[in-house]
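A quick write-up on the structure given underneath.
A note on names: the letters A, B, ... follow the listed sequences, proteins ahead of strands, and every chain is numbered from 1.
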Amino acid sequence: MRYQRPKGTADILPGTSETWQFVEQTARDLFARYRFDEIRTPMFENFEVFSRTSGDTSDIVTKEMYDFKDKGDRHLSLRPEGTAGVVRAFVENKLYGPETQKPYKVYYMGPMFRYERPQSGRQREFHQIGVEAFGSNAPELDVEVIALGMNLLSKLGLKHLRLALNTLGDQETRAAYRQALIDFLEPHFDELSDDSKVRLHKNPLRVLDSKDAHDQEIVANAPSILDFLTPDATTHFNQVKASLDALGIDYDVDATMVRGLDYYNHTIFEIMADSPALGEGYTTVLAGGRYNGLVEELGGPEMPGVGFGMGVERLVLLMQAEQVPVPNDHPLDVYVVGIGDDTSIETLKLVQAIRRAGLTADRDYLGRKPKAQFKTANRLDAHYTLTIGDQELANQTANLKAMATGEEVSVPLADIYQDFQAVVAQKFTTK
RNA sequence: GCGGUAUUGGUGAAGGGGUUAACACACCGGAUUGUGGUUCCGGCACGCGUGGGUUCGAUUCCCACAUACCGCCCCA
């Protein structure tokens with residue numbers, strides 16, 4: 001094995017790529033219905049685009065960035081997530097201007113990169129499909145984004161979904177809560193896990209998320225952020241909940257839920273799926289929230305935003321685990337069997353004629369015997385075979401056979417070249 | 001970045017310091033001349049992840065590295 005793919009990357013081969021195409025197509029169709037348009041931004045950006053937006057102390061920035069200096073000594077980074085690049089593009093192209101309709105709604109899909117230890121559903125190069133909507137503070141827009149996420153996952157055949165909802169409030173809320181949390185946790189400092197000791201002052205919210213059993217016991221009695229919401233934040237959150245109720249979307253409020261990226265505020269949510277494919281318990285497959293202030297952070301005007309990102313690898317694993325059927329878009333209509341060395345050119349012309357007629361066609365290129373070619377046609381589940389040998393070549397005919405019934409008829413080549421579909425319709429009225 | 005487990009052909013895998021590395025599936029070929037299933041016959045590991053070491057001799061023992069999977073961290 002001379003070369004192998006870089007650690008944490010994957011080859012998506014035929015057999016699986018159909019699932020990816022199905023996911024992407026389903027997403028595009030659904031996004032169009034919600035009136036989101038596609039935006040394509042670079043796979044790498046200036047390092048600062050991510051470090052400014054994700055938070056200098058976030059794990060993504062401190063240890064997971066694929067950053068490098070290029071030959072012009074520019075400090076670049078492969079995108080670890082989709083939002084920052086979209087916001088940068090939004091600002092750089094002045095899409096906040098009055099000539100664009102608000103909210104400005106876009107979606108993206110593509111590879112993301114994080115330098116971390118690979119596991120199931122976690123790679124160094126992975127893919128996300130996400131949406132962003134800029135320019136409105138309406139809680140109903142948060143809910144539209146959430147509904148879109150739920151809608152997408154259910155269209156893709158996932159069941160056992162759980163929507164977890166929380167709010168981080170506004171600046172004032174966060175500052176007050178942060179202090180309250182520190183005040184609460186400090187008396188327990190010695191009891192905390194080593195990880196949480198570090199987190200306490202760096203990012204106390206993270207302690208809430210600790211997997212350590214003892215940490216969780218302590219945290220169970222911690223104050224809830226919901227008790228520190230400002231009136232505005234409370235109103236926003238209540239309206240989000242009311243709108244979800246109105247749409248009949250179930251959710252669980254999880255006051256301890258936090259985000260890995262620092263730019264979120266107000267509504268945050270995760271859609272989780274329960275499947276052994278991704279280990280024990282629920283795993284997040286789609287997550288997002290509101291990020292008011294991010295546009296300003298990257299040099300734009302004050303302009304709110306809300307969006308989500310979905311992990312395609314995780315999604316595909318879940319779909320495979322739940323055996324979601326993926327439609328086969330290109331069944332084989334006709335396999336052309338050529339017998340003898342002299343038929344190869346005619347065979348080539350025939351497959352081309354059939355393709356021109358709008359059907360799918362294939363043939364043998366290994367000079368194999370008729371029996372082997374029929375075996376192949378059978379295995380490929382061809383609807384018809386079209387057989388031509390020296391005899392037929394001399395007569396300018398070919399034998400068209402319906403594989404399901406075994407019925408075979410002789411057809412003039414001229415008819416095939418003129419209108420293959422008509423030949424099939426005429427000879428096999430039922431099929 | 002830390003810890004654990006694993007690494008044999010296209011695939012699933014058995015084996016174990018010593019001539020030809022089971023078995024199954026898949027694939028290819030054949031069973032009288034140009035037709036799909038079944039059956040039968042035959043073929044199919046540059047040699048056991050890579051590089052060192054121990055040994056008369058290693059794929060089998062030891063070390064390092066690589067990769068995968070699991071847990072932690074974190075996250076989609």
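Contact annotation: A/Gln373 does not reach the phosphate of B/rU35 (side-chain N/O to OP1 or OP2, under 4.0 Å). For A/Lys7 and B/rU67, the shortest distance from a side-chain N or O to OP1 or OP2 is below 4.0 Å.
Spacing between B/rC46 and B/rU50 at atom C1', rounded to whole Å, works out to 16 Å. Taking atom C1' on both B/rA14 and B/rC72, the two are 35 Å apart, rounded to the nearest angstrom. One C1' atom belongs to B/rC41, the other to B/rC62, and the distance between them is 46 Å to the nearest Å. Comparing the same atom, P, in B/rA22 and in B/rG43 gives a spacing of 12 Å after rounding to whole Å. With both ends at atom P, the span from B/rA58 to B/rG47 equals 14 Å, rounded to whole Å. B/rG12 and B/rA26 are spaced 15 Å apart, taking the P atom of each and rounding to whole Å. Taking atom P on both B/rG42 and B/rG15, the two are 26 Å apart, rounded to the nearest angstrom. For the C1' atoms, the distance linking B/rU59 with B/rC69 amounts to 23 Å, nearest Å.
Set against B/rA68, B/rU35, B/rA76, the side chain of A/Pro118 has B/rA68 as its closest nucleotide. Comparing B/rA76, B/rG71, B/rG34 against the side chain of A/Thr284 picks out B/rA76 as the nearest. Out of B/rA76, B/rC73, B/rU35, the shortest distance to the side chain of A/Phe126 is found at B/rA76. Among the nucleotides B/rG1, B/rG34, B/rC75, the one closest to any side-chain atom of A/Thr387 is B/rG34. Distances from the side chain of A/Met403 to the nucleotides B/rG36, B/rA76, B/rG71 place B/rG36 closest. Candidate nucleotides B/rG36, B/rA66, B/rG34 were compared by shortest atom distance to the side chain of A/Asn399, and B/rG34 ranks first.
A/Glu296 pairs by the side-chain contact (heavy atoms from CB on, under 4.5 Å) definition with A/Glu302, not counting sequence neighbours. Taking the side-chain contact (heavy atoms from CB on, under 4.5 Å) definition, one finds that A/Phe184 meets it with A/His188, A/Ile218, A/Asn221, A/Ala222, A/Pro223, sequence neighbours left out. Residues meeting the ring-ring contact (aromatic ring centres under 6.0 Å, His included) test with A/His75, sequence neighbours left out: A/Phe47.
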Between protein and nucleotides 27-30 of chain B, what N or O pairs are separated by less than 3.5 Å?
unit_1	atom_1	unit_2	atom_2	d
B/rC27	OP1	A/Arg379	NH1	3.3
B/rC28	OP1	A/Arg368	NH1	3.0
B/rG30	OP1	A/Lys369	NZ	2.9

Provide a list of protein-nucleic acid N or O atom pairs under 3.5 angstrom, restricted to nucleotides 4-6 of chain B.
none

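Under 3.5 Å, the side chain of A/Arg122 and the base of B/rA76 form no donor-acceptor pair of N or O atoms. Side-chain N/O atoms of A/Glu116 and base N/O atoms of B/rA76 include a donor-acceptor pair closer than 3.5 Å. For A/Glu408 and B/rG36, a side-chain-to-base donor-acceptor distance below 3.5 Å is absent, hydrogens and geometry of angles not being considered.
Counted by atom type alone, A/Gln352 and A/Arg355 present one or more donor-acceptor pairs between their side chains at under 3.5 Å. For the residue pair A/Thr53 and A/Glu297, no side-chain donor N or O sits within less than 3.5 Å of a side-chain acceptor on the partner.
The aromatic rings of A/Phe113 and A/Tyr66 lie perpendicular to each other, with more than 60° between the two planes, well past the 30° mark. Classification of the A/Tyr177-A/Phe228 ring pair by plane angle, with boundaries at 30° and 60°, yields tilted. Below 30°, between 30° and 60°, or above 60°: for A/Phe134 and A/Tyr291 the angle between ring planes is above 60°, a perpendicular geometry. Taking the six-membered ring for Trp and thresholds of 30 and 60 degrees, A/Phe308 and A/Phe269 have ring planes more than 60 degrees apart, a perpendicular arrangement.
Rounded to whole Å, the distance from CE on A/Met65 to P on B/rG1 is 17 Å. Rounded to whole Å, the distance from CG on A/Leu400 to P on B/rG36 is 17 Å. Computed from coordinates, the A/Ile339 CD1 to B/rG34 C1' distance equals 4 Å when rounded to whole Å. Rounded to an integer number of Å, the gap from CZ of A/Arg5 to P of B/rG49 is 17 Å. Between A/Ile388 atom CD1 and B/rU35 atom C1' the separation is 15 Å, expressed in whole Å. Between the NZ atom of A/Lys371 and the C1' atom of B/rA31 there is a distance of 9 Å, given to the nearest Å. When rounded to the nearest whole Å, the span between CZ of A/Arg114 and P of B/rC73 equals 16 Å. When the C1' atom of B/rU7 is taken as reference, atom CD of A/Gln4 falls 11 Å away, rounded to whole Å.
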Point to revise | Trace of the side chain to side chain donor-acceptor pair (under 3.5 Å) decision for A/Ser344 with A/Arg363 | key: CA-CA 10 Å; A/Ser344 191; A/Arg363 54 158 282 187; 3.0 Å; yes
Practice item. Go through the steps to decide whether A/His236 and A/Asp170 satisfy the test side chain to side chain donor-acceptor pair (under 3.5 Å), and finish with yes or no. Key: CA-CA 10 Å; A/His236 188 95; A/Asp170 45 28; over 6 Å; no
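Across the interface with RNA chain B, nearest-nucleotide mapping of A/Glu392 and A/Gln128 shows A/Glu392 to be the residue nearer the 5′ end. Along RNA chain B, the nucleotide closest to A/Gln391 and the one closest to A/Ile271 are compared, and the more 5′ of them pairs with A/Gln391.
Base engagement by A/Gly406 is indicated by at least one non-hydrogen atom pair under 4.0 Å involving a base atom. Contact annotation for A/Gly288: no contact, since no heavy-atom pair falls under 4.0 Å across all strands.
Nearest heavy atoms, A/Tyr417 versus A/Glu346: OH-OE2, 2.5 Å.
In RNA chain B, consecutive stretches of 3 or more Watson-Crick or G-U wobble pairs with both distances under 3.5 Å are given as paired ranges: B:1-7 with B:66-72, B:10-12 with B:23-25, B:27-31 with B:39-43, B:49-53 with B:61-65.
A salt bridge does not link A/Glu322 with A/Lys159: none of the charged nitrogens is closer than 4.0 Å to a carboxylate oxygen. Under 4.0 Å is where a charged nitrogen must lie from a carboxylate oxygen, and between A/Arg52 and A/Glu48 no such pair does.
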